[in-house]
Structure formats: C-alpha cells, structure tokens
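Quick notes on the structure that follows.
Just so it is clear: chains get the letters A, B, ... in the order the sequence lines come, proteins before strands, and each one is counted from 1. Please read these numbers as outputs of a predicted model, since none were measured by experiment.
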Amino acid sequence: MTALPLRSEILSGAVGRPRSAASSPIQLAGQRQQTLALGRQRLMTGLLLFCIAIGVLVLRLADLSLLQGRPTVGANRSTGAIPVRGDIYDRNNVELARTFEAYGIAVAPRKLVGNPRVLAEQIAAILPDKTVDGIYKELTARNSFRYISRRVLPEQAKRINDLGEPAITLEREPERLYPNLNLAAHVIGYAVDGVGKVGVEKAFDHRLSDPSTRGTPMHLSIDARVQQALESEMGAVLADQRAQGAAGIVLDVQTGEVLALASLPDFNPNAPGKSDPATRYNKVSYGVYELGSTFKTLTIAMALDTGVVTSMNQKYDATNPIRIAGFTIHDDHALRRPETIPEIFIHSSNIGTAKMAAELGRDRQRAYLDKLGFLKQAEIELPERASPHFPPLSNWGELATMTIGFGHGLSVSLVHLASAYAAVVNGGVLRPATLLKVEPGHAPAGTRVFSPGTSDTMRALLRLVVTDGTGRKADAPGYRVGGKTGTAEKLSGGRYSKHANVSTFAAAFPMDHPRYVVVTMIDDPQGSKATYGFRTAGMVIAPAVSRIVQRIGPILGVTPDVNKDVDVAALLSEIHDKAAE
Amino acid sequence: MSSSFGRSRFIGNGALISVAMLAALGCYTISLKVSSERAAVDKLRAQVVADAHDIRMLQSEVRTRARLPELQRWNDTALALSPPKVGQFVRDGVQLASYAPGAPHQAAPAPVATAPVNVAPATAAPAPVTAAPLLPVTPRTANQLAPGMKTINYAVSSASRPRLITAPAAMAPAVATKVPAKPAAVSAGLDSSLVESVTSAAAAAPAVVDNTSTPKAPM
C-alpha cells in the first residue's frame with residue numbers, strides 16, 4: 001500500500017520520488033497530534049458552552065412554569081374581583097349595599113395651566129350640582145391636591161377629561177352605594193370612606209372590610225318587599241296624622257329574625273351628611289317609650305302563668321278609680337263594674353290590670369320583665385340600642401307595680417316589645433331579635449318564659465281584641481290577626497302631656513299558628529278626617545296594621561282563609577257588654 | 001484510515017452541535033411561547049376583572065333604577081295595584097279544578113257559543129227568566145232556527161261562563177255563523193278554535209239568561 005503524496009510533493013514535482021529525512025513522518029505525526037488535541041479542546045469547550053446554555057434555558061423554563069405563575073393569579077384576584085367592602089343582601093338576594101369604583105374629579109391647583117374662572121364655568125356646566133364659585137375656590141386653593149367632586153357619572157368624568165387641563169385628574173375610588181336609597185336606612189346604616197358609621201355597616205364593619213370575609217356577601221334577615229310595605233304604610237299614616245314620627249318592626253316569632261324595621265322620617269344613606277340629624281335617630285331600637293296598654297298582654301300572661309288568674313271568669317272590680325300615693329288610676333272606657341279577664345283585656349281596663357299586677361306582686365313582675373329582657377338593652381345586632389328606663393328597686397313599690405302593669409313607668413324600645421310579643425304567641429319561648437338570616441333548622445333554642453298553655457290563652461285573647469275589642473280596625477280578612485292597642489300619654493320634660501300621645505299596636509298573625517309579629521308606633525298623631533279626629537291607637541294605627549298584614553301576608557306565604565280562626569267562643573261567653581270602644 | 005476516522009468524528013461532532021443548537025432553539029421557542037401565553041392569560045385576566053367591574057357598575061345602575069321605592073311610586077301614581085283579597089287565593093287543586101270548563105258543577109256544556117240576540121233597545125225590559133225551559137245553545141240548535149233573518153253578530157267572551165238561552169214558544173229561526181277565535185279564548189282552554197255568533201231575527205229574538213255578566217258590545 002503506497003502512501004498518498006503530500007501537498008508539498010505535488011507542488012514541488014517530487015511525486016513518486018523517495019521522501020527525504022527532513023520531511024519525515026515523525027514530524028508530521030507530531031503536528032497532527034497537536035492539531036487534533038487543539039480541535040478536541042475547542043470542541044469540548046463548545047459543547048460545554050452549549051450545555052450551559054441549555055441548562056440556563058431549562059432553569060428559566062422551570063422558573064416560568066413553576067415559580068412565577070402562581071402568585072400572579074392570586075394577586076390579580078385579590079385586587080380585582082373582590083370588592084374593597086363586602087356587599088349586603090337581604091334574605092332573598094336583593095342588594096341593599098354594594099361597593100363599586102366611581103370617578104372622582106381632583107385638581108392639583110399649583111399645576112393649573114388654564115384660566116381657573118373659565119375652567120370653573122366649563123366644569124359647572126358638566127356638574128349641575130356644583131356652583132361656579134365653589135369650583136373656582138377649589139381650583140385656586142393653595143393646597144397641592146383638592147377634590148372638585150366625588151362620585152360623578154362616567155360620562156361626566158369623560159367630558160371633564162376632554163377639557164384637556166393637565167392639572168385635573170380622574171381618580172378611581174371605591175364608593176358605597178345603597179341602591180334602594182332610603183329603604184331600610186336605619187338597618188343598613190352607612191359607611192364613610194370605607195368605615196361603617198351607623199347600623200349594620202358599623203356593627204359588622206370588620207366582617208365587611210376584612211379581606212378574608214368581604215368576598216362573601218352578607219345576608220340580612222330583612223325582606224326588602226316587607227320592608228317596603230311597612231315603610232310605605234307607616235309613611236302614609238305619618239303624613240295623614242302629621243305626626244312627629246312613626247316606627248314599625250316585623251319579626252319572625254319562631255326564629256327572632258327581623259324581616260322589616262322602619263323608623264320615619266328616614267334619610268338617604270347615599271348622602272347622610274345632607275340629611276337632618278333628627279332623621280338618623282332610630283326610633284325602633286334607640287328610642288324608648290312608655291308603650292301603654294300593649295303591656296297589659298304581658299301582665300295578664302304573667303298572671304296566668306303564675307296562677308294569679310285561674311279562670312277567665314275571674315273578676316276584678318273596676319267600679320271606681322284607684323287612688324294611691326296621690327295618683328288616680330282610671331279607665332278610658334269605664335264600665336264601672338267588676339270585669340272578667342276578657343272584659344279587662346278588650347276594654348283595656350287600667351283599673352283591672354293594675355289590680356291584677358298588684359296581686360302578682362313586684363318581685364314576680366320584675367322577674368318576668370327580667371326574663372323578657374326588659375331590664376337590659378334590647379338584643380339585636382345594631383349598635384344603636386338604648387337602655388330601658390325603669391324605676392330602681394327601692395322605688396318600685398305598689399304604685400310602680402300597678403302602673404307598669406298597664407304600660408306606664410317603664411320605657412322600652414319597640415324591639416323589646418316585639419320580642420316579648422313573639423314569646424307570648426309562639427308557645428312561650430323568648431328568642432333574641434336578629435338582623436342576620438337564620439337558615440332553616442338553625443333557630444336559637446331560646447329561653448322559656450311562659451308555659452304553652454298561657455301562650456294558647458293569650459293567643460285567643462289577642463284575637464278577641466281584634467274581633468270584639470279596641471283593635472277591630474286591624475282585622476285583615478282571612479289572616480286571623482290578633483293584637484293589642486296602646487295609647488300612652490307622651491312623657492315630656494318629666495310630665496305627662498295631655499295633648500300628645502304615643503299610639504302603639506302590637507299584632508301577630510295568623511293567630512291559630514302565629515308566624516309573624518308586627519309592632520307599629522306613631523309618635524304624637526294629630527288626628528285627621530280619616531280617623532274622625534281621634535288619636536287613639538285603635539283609630540290611628542290599627543287600620544295601617546290591617547293594610548300591612550294584607551300586603552306582607554301573601555309575600556310571606558301566609559294564605560288567607562276565612563274558614564279558619566281561633567276559637568274564642570269560651571271567651572265571648574265571659575263578655576257581658578260588647579260595646580268596646 | 002485515520003483520515004476516515006477523523007472525518008466521521010467531525011461529522012459526529014457536527015451532528016452533536018446541530019442537535020444541541022436545535023435543542024437550544026427549541027427550548028427558546030418554548031420559552032417564548034410560554035411567555036406569550038402568559039401575557040395573553042394576564043391580559044385576559046385583566047379583561048375579566050375589568051368586565052367584572054363593568055358588570056357591577058351596570059348592576060348597580062339597573063338595581064338603582066328598579067329600586068322598590070320607585071316601583072312603589074309608580075304603583076301609587078299609575079298602576080294602582082292592590083294586594084290580592086282572600087277570595088283570590090286558590091286553596092288546593094280541587095278548587096282550581098272546579099274552575100275548569102266542564103267541571104261537574106257547571107250546568108252548561110262547553111263549548112257554548114251563545115250571544116244575546118235581542119235587538120230591542122237597551123232600556124227594554126228583559127225577558128222573564130222563567131218564561132221557557134232552558135236550552136243550551138249549540139251550533140246544532142242554532143241551525144235549527146230559521147235562516148234569512150237580520151243578522152246581528154255578537155262575540156262571546158270565552159272567559160265568561162256558559163250561558164243558557166231560553167227558547168220562546170214561537171222561536172224565530174236563526175243561523176249560526178263562525179268567526180275567528182280570540183286569543184283569550186285559546187288561553188281559557190275552551191274549544192276555542194272558533195267562537196260562534198248567532199244571527200237571529202229582530203222581531204222574535206229569544207231572551208238570554210246570563211247570570212254572570214252583561215252581554216258584550218256588538219263586534
């Protein structure tokens with residue numbers, strides 16, 4: 001095998017001749033080894049660089065796919081979809097309060113370029129609720145940042161932006177909106193700059209603003225339809241009677257849920273600062289009143305429960321007024337004879353009830369009032385709760401026992417009274433009123449106050465007041481309404497006023513199987529053509545209760561039935577004069 | 001031999017480099033793809049959030065416009081709707097079924113195509129109810145009445161109860177014609193493909209007993 005000619009041999013023409021010692025294979029082998037070693041070294045370096053590059057890419061891929069993806073998702077959700085303050089719904093998912101991003105128009109006065117007077121006129125033309133002078137004042141202020149207007153419409157924000165003034169900026173800020181305006185204003189309350197100030201907004205401020213809970217809407221026990229019906233009817237009475245105020249509450253007797261709570265006059269929580277401070281006063285939970293004859297229901301229930309009254313034909317002499325400690329207790333509808341229990345109740349006899357309370361005694365009366373929660377703040381979530389007014393033990397003698405028996409000398413809120421009436425008619429169990437929706441089967445156990453037998457008797461007596469007593473105008477055909485009127489002289493400056501009263505009606509329906517309590521109150525009614533000038537509860541507020549029951553009954557699933565009713569025949573036999581009121 | 005070995009190694013190294021380059025290029029392409037997908041997802045997520053905000057804005061507007069006090073104001077000023085009375089509730093299915101046409105307690109068969117055919121002035125005294133035995137009007141009985149008389153068409157509301165017509169001793173002939181049904185008749189569930197009207201003679205019009213409602217105006 002011959003060796004291949006070298007390139008130098010070809011160029012020099014020495015192909016085929018024997019190679020000399022100078023061009024020996026030994027020298028050639030050394031060069032080739034060096035070249036090969038250099039090539040391998042370069043190749044290894046290149047491979048190493050590629051490996052490093054691939055490693056970097058793999059690491060980058062892992063970083064992108066495993067590490068960087070997850071936090072981004074959470075961050076976006078937490079800042080985007082969840083409102084900065086939780087929504088408030090009624091029990092049927094009707095929105096009562098929500099937060100959305102509104103536009104605010106701000107200005108940096110020191111950076112203003114245009115003529116402030118001209119600019120103020122242009123902005124005032126876009127924002128009709130602002131004056132030129134007011135806007136001019138903001139534009140020329142010496143501060144570095146001023147709001148011209150907050151919560152403006154998107155179209156208005158766009159038009160202001162189109163003015164082209166660089167010192168004016170559009171701020172996106174969370175705004176609390178109450179879509180139903182004044183509806184349930186005293187329940188919901190309002191929040192200012194994300195902080196609850198009144199009502200549920202204040203009571204559940206932490207729940208509504210905490211990032212871990214604000215994403216879930218809060219469901220109240222309120223039914224917006226019932227609330228609207230209550231406010232509408234009470235508003236009509238308020239206007240008709242030219243009264244100082246009106247209030248009402250609708251309560252579920254089995255769960256304690258408040259389905260409606262109205263205090264009139266009310267306010268618009270979207271602009272609470274523009275309302276009269278008096279309108280922000282919650283007459284249902286924060287106001288306390290001597291609620292008059294509505295207390296007679298409780299006194300008779302106590303007497304029945306303790307055995308002071310053992311029969312419906314038991315009589316108390318109401319022939320003459322009671323004179324005690326310089327005071328005189330008399331009847332407005334005096335029969336001037338001994339009266340049976342049903343007569344005392346449907347004629348609303350102060351004398352009969354006072355004697356019954358005296359027989360009951362201070363200690364037992366106080367113990368029952370304590371169990372009914374009348375000696376402490378009403379149990380409801382609202383922060384606006386007043387303490388009841390009652391005499392100290394040292395001053396709670398026979399006179400106080402008698403007057404408290406028919407609703408004078410003890411001032412409580414309508415929440416107190418509604419909860420107590422619920423206990424009277426639901427079988428005798430007191431459950432705290434609540435503004436939170438109670439899921440079926442999760443009602444609190446409650447505290448037993450009266451026996452079921454007492455409750456049954458009281459249901460019949462309450463029905464009797466509406467069929468044959470002072471509350472006849474509260475009857476709603478088919479709904480079996482029962483209740484008790486109460487007309488108390490208003491306490492003003494420590495003295496009772498002869499010309500101002502508080503008319504109350506505490507009702508429940510349907511009385512054969514009570515489901516709801518409706519307590520309504522009118523503060524200082526003036527009488528009207530519709531009430532023939534009367535200002536008593538039976539004339540003023542009872543018709544409104546009838547209308548309220550007829551409106552909310554079908555909504556709440558109570559079907560009217562004229563073929564059902566409470567059996568009051570035994571009670572009627574104890575009434576010897578049916579000319580009540 | 002060594003030259004061929006060197007060439008094959010050169011080719012091998014070249015192939016290795018090519019594979020490495022391809023791998024690097026592939027990885028880089030994947031990285032780019034991931035980045036672009038992530039950007040798209042972020043953009044979509046931002047869009048979702050923006051849409052959620054817009055939805056809340058629109059919901060706020062809709063619910064503010066449809067607020068209950070506003071509906072109450074409409075009702076007070078225009079609609080005048082009132083809560084249902086006790087007689088407007090149906091207690092059970094039996095009571096509901098009793099309202100169906102042809103229910104057992106109904107006296108007349110359905111469909112009943114009948115109409116008052118008395119052309120006397122409105123002030124005329126009504127015919128005595130007990131003047132003659134009651135006869136349900138059907139197309140057949142109507143056809144038995146004599147044709148060729150002055151025609152007066154009345155449409156009978158399908159929602160009203162079946163009526164009975166008294167047949168006087170000397171019955172004037174009448175013919176039954178058909179007119180298209182009204183939508184209300186269809187919804188009432190009667191045999192309402194057609195509602196018949198009765199034509200009759202002016203002179204000897206049969207008296208109509210209608211214990212439910214006054215006759216409708218002539219069509």
Side-chain angles (χ1 to χ4, degrees), chain A residues 4 32 36 39-40 43 46-47 49-51 53-54 56-58 60-61 64-65 68-69 72-73 76-77 79-81 83 87 94-95 98-102 154 175 177-183 224-225 227-229 231-232 476-479 547 550-555 559-563, chain B residues 1-3 6 9-10 12-14 16-17 19-21 23-31 33-35 37-38 41-42 45-46 48-73 75-76 82-91:
Chain A
L4 289 172
R32 285 188 66 183
L36 282 171
R40 285 198 186 101
L43 186 61
L47 281 174
L49 287 174
F50 274 117
C51 286
I54 289 169
V56 169
L57 286 173
V58 167
R60 175 64 178 156
L61 276 174
L64 287 173
S65 59
Q68 290 195 11
T72 311
V73 175
N76 273 3
R77 281 186 183 167
T79 55
D87 296 343
V94 174
E95 284 168 359
R98 62 168 22 212
T99 299
F100 69 102
E101 283 195 346
E175 280 290 345
L177 175 72
Y178 305 94
N180 290 296
L181 306 187
N182 294 28
L183 189 76
R225 302 164 300 172
Q227 180 75 29
Q228 176 58 39
E231 287 192 12
S232 170
Y479 288 102
R547 291 192 296 270
Q550 290 182 70
R551 283 183 68 170
I552 69 175
I555 293 170
T559 307
D561 191 343
V562 291
N563 298 317
Chain B
M1 184 172 175
S2 63
S3 174
R9 291 197 64 170
F10 179 77
N13 290 338
L16 194 60
I17 291 169
V19 168
M21 287 185 68
L25 196 62
C27 289
Y28 183 67
T29 308
I30 290 171
S31 177
K33 181 74 175 170
V34 167
S35 297
E37 287 294 326
R38 178 162 292 112
V41 168
D42 283 343
R45 190 173 289 124
V48 167
V49 171
D51 288 346
H53 283 153
D54 290 346
I55 289 169
R56 284 181 71 83
M57 286 277 286
L58 289 170
Q59 283 177 339
S60 301
E61 183 174 350
V62 167
R63 282 158 189 169
T64 304
R65 290 183 188 279
R67 60 189 180 271
L68 283 168
E70 184 68 9
L71 297 179
Q72 176 78 47
R73 194 178 66 79
N75 192 54
D76 291 344
S82 60
K85 305 295 181 191
V86 61
Q88 294 176 275
F89 287 85
V90 178
R91 288 192 304 276

Specify which of [options] makes the most heavy-atom pairs with chain B at under 4.5 Å.
options: A/Gly478, A/Pro554, A/Ala53; value: A/Pro554
options: A/Val56, A/Asn182, A/Thr99; value: A/Thr99
options: A/Val94, A/Ile555, A/Asn563, A/Leu177; value: A/Leu177

Which portion of [X] sits near chain B, non-hydrogen atoms under 4.5 angstrom:
X: A/Tyr178; result: neither
X: A/Glu95; result: side chain
X: A/Ala224; result: both

Heavy-atom distance under 4.5 Å to chain A: side chain of B/Arg9, backbone, both or neither? side chain
Which portion of B/Ser35 sits near chain A, non-hydrogen atoms under 4.5 angstrom: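 The side chain, not the backbone.
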A/Arg551 side chain to B/Pro83 main-chain N or O, any donor-acceptor pair under 3.5 Å?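 Not confirmed, A/Arg551 side chain does not pair with B/Pro83 backbone.
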Any donor-acceptor N/O pair, A/Arg98 side chain to B/Arg56 backbone, under 3.5 Å: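 It does hold such a pair.
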Side-chain contact test, heavy atoms from C-beta onward, threshold under 4.5 Å: evaluate it for B/Ile17 versus A/Leu43 and give yes or no. yes
I want to check something: taking the side chain as every heavy atom from C-beta on, are A/Leu181 and B/Arg67 in contact at a cut-off of under 4.5 Å? yes
Distance (rounded to the nearest 0.5 Å) between B/Asn13 CG and A/Arg40 CZ: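 Answer for the CG-CZ pair, B/Asn13 versus A/Arg40, is 9.5 Å.
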How long is the gap from CG on B/Leu68 to OG on A/Ser232, to the nearest 0.5 Å?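 The OG atom of A/Ser232 is 11.0 Å from CG of B/Leu68, to the nearest 0.5 Å.
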Does A/Arg547 have any side-chain hydrogen bond (donor to acceptor under 3.5 Å, both in side chains) partners at least two apart in sequence or in another chain, and if so, which?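 Checked A/Arg547 against side-chain hydrogen bond (donor to acceptor under 3.5 Å, both in side chains); matches are A/Glu233.
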How would you list, by chain and number, every residue that makes a salt bridge (charged side-chain N to carboxylate O under 4.0 Å, His left out) with B/Glu37, sequence neighbours excluded?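 Partners of B/Glu37 by the salt bridge (charged side-chain N to carboxylate O under 4.0 Å, His left out) criterion, ordered by chain and then number, come out as B/Lys33.
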